[in-house]
Amino acid sequence: MKRIIIIYTLLLSGSFLNADIEAGKAVYKANCAICHTVNGGSALGPDFNIVAYTRHKEEIADYAKDPYKYNKAFGYSANAMPTLPLTDKEFEDVADYISSLQPFKKWMIKKR
Ligand code: HEC
């Protein structure tokens with residue numbers, strides 16, 4: 001019985017996780033995609049697969065919520081990313097989505 005409960009809990013938490021990633025993908029498309037690519041590409045901001053390689057989910061959410069506050073700590077000399085008017089849930093979801101991406105280092109991305 002105990003085992004069944006554990007498996008059931010794992011399944012449930014798994015489906016919640018996916019829901020957040022799916023919601024986060026929608027947040028990405030609507031709010032980030034004009035400046036950030038996925039799977040390599042060039043845009044104003046860094047590609048999110050590279051971000052997935054170098055940052056934890058919490059760091060991604062913190063930066064997205066307040067880029068002005070964190071840009072120096074992240075190694076930038078200036079801040080060009082706007083502070084976006086999203087809810088905390090949307091920031092958490094988009095951070096989940098970015099963390100779920102295949103992590104790339106710059107040299108791993110194929111030239112197109
Ligand atoms: C108008 C363009 C623009 C938009 C829209 C934008 N960003 Fe950015 N982002 C940037 C730029 C440029 C940087 C580089 C640092 C800076 O200028 O603040 C950056 C940096 C970041 C970083 C730090 C990356 C790192 O590891 O160094 C994260 C995380 C990030 N953006 C997340 C997001 C998320 C999530 C969204 C959407 C909710 C978003 N950005 C929307 C332009 C943008």
Side-chain angles (χ1 to χ4, degrees):
M1 186 61 191
K2 207 172 175 188
R3 189 171 292 162
I4 293 173
I5 292 174
I6 292 172
I7 291 170
Y8 188 65
T9 314
L10 283 175
L11 281 175
L12 263 185
S13 58
S15 58
F16 280 129
L17 204 72
N18 285 339
D20 282 351
I21 291 171
E22 280 307 310
K25 189 175 183 179
V27 175
Y28 162 73
K29 284 189 176 159
N31 302 283
C32 323
I34 47 163
C35 296
H36 292 274
T37 53
V38 296
N39 294 320
S42 68
L44 188 61
D47 182 82
F48 278 158
N49 297 70
I50 293 176
V51 175
Y53 191 95
T54 49
R55 309 287 184 199
H56 294 293
K57 199 170 91 180
E58 292 74 23
E59 295 174 300
I60 296 170
D62 283 348
Y63 199 93
K65 282 179 198 171
D66 195 348
Y68 180 74
K69 179 173 167 192
Y70 288 100
N71 76 92
K72 294 281 188 295
F74 273 55
Y76 296 101
S77 56
N79 166 228
M81 175 168 155
T83 302
L84 299 163
L86 302 177
T87 62
D88 278 358
K89 168 95 170 65
E90 287 170 319
F91 283 124
E92 303 297 332
D93 287 351
V94 77
D96 271 343
Y97 167 64
I98 296 169
S99 303
S100 78
L101 297 170
Q102 167 83 44
F104 288 161
K105 277 190 155 184
K106 264 196 185 117
W107 57 263
M108 292 175 179
I109 291 175
K110 284 195 197 123
K111 296 261 183 328
R112 291 167 204 228

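The structure displayed is predicted, hence computed values, not measured ones. If you read the sequence from its start, that first residue is 1, and numbering goes on from there. Indexing begins at 1, ligand by ligand and atom by atom, following the structure's order.
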Exercise. May I ask you to list the atoms of ligand 1 that are less than 4.0 angstrom from any heavy atom of L86?
Key: 38 (C)
Quiz prompt | Donor-acceptor contact present, side-chain H36 to main-chain D47, <3.5 Å | solution = no
Quiz item: Does the N or O separation between A80 and ligand 1 drop below 3.5 Å for any pair?
Solution: yes
Practice problem: Identify, by atom number and element, the atoms of ligand 1 in contact range of V94, meaning under 4.0 Å from any of its heavy atoms. | Solution: 35 (C)
Quiz item: What's the spacing between N31 CG and F91 CZ if we round to 0.5 Å?
Solution: 8.0 Å
Exercise. Decide yes or no for N79 and Y70: does some side-chain heavy atom of the first lie under 4.5 Å from some side-chain heavy atom of the second?
Key: no
Self-check item: Heavy-atom check, side chain of T83 versus side chain of P67, under 4.5 Å
Solution: yes
Quiz item: Do any nitrogen or oxygen atoms of Y76 come within less than 3.5 Å of a nitrogen or oxygen of ligand 1?
Solution: yes
Exercise. Check ligand 1 against N31 and write out every atom of the ligand that is under 4.0 Å from a heavy-atom position of the residue.
Key: 5 (C), 37 (C), 41 (C)
Quiz prompt | Short N or O distance, N71 and ligand 1, threshold 3.5 Å exclusive | solution = no
Quiz prompt | Nearest-0.5 Å distance, OG of residue S100 to CG of residue D20 | solution = 10.5 Å
Quiz item: Do you know which two heavy atoms are closest between I98 and V51, and how far apart they sit?
Solution: CG2-CG1, 4.2 Å
Quiz item: What do you reckon, does H36 have a nitrogen or oxygen under 3.5 Å from a nitrogen or oxygen of ligand 1?
Solution: yes
Quiz item: F48: heavy atom below 4.0 Å from ligand 1, yes or no?
Solution: yes
Quiz item: Relative to the heavy atoms of A64, which atoms of ligand 1 are at a distance of less than 4.0 Å?
Solution: 35 (C)
Self-check item: 4.0 Å heavy-atom contact, V27 with ligand 1
Solution: no
Quiz item: Is the distance from atom 8 (Fe) of ligand 1 to some N, O or S atom of Y63 under 2.8 Å?
Solution: no
Quiz item: CD1 of I60 to CZ of F74: how many Å apart, nearest 0.5 Å?
Solution: 8.0 Å
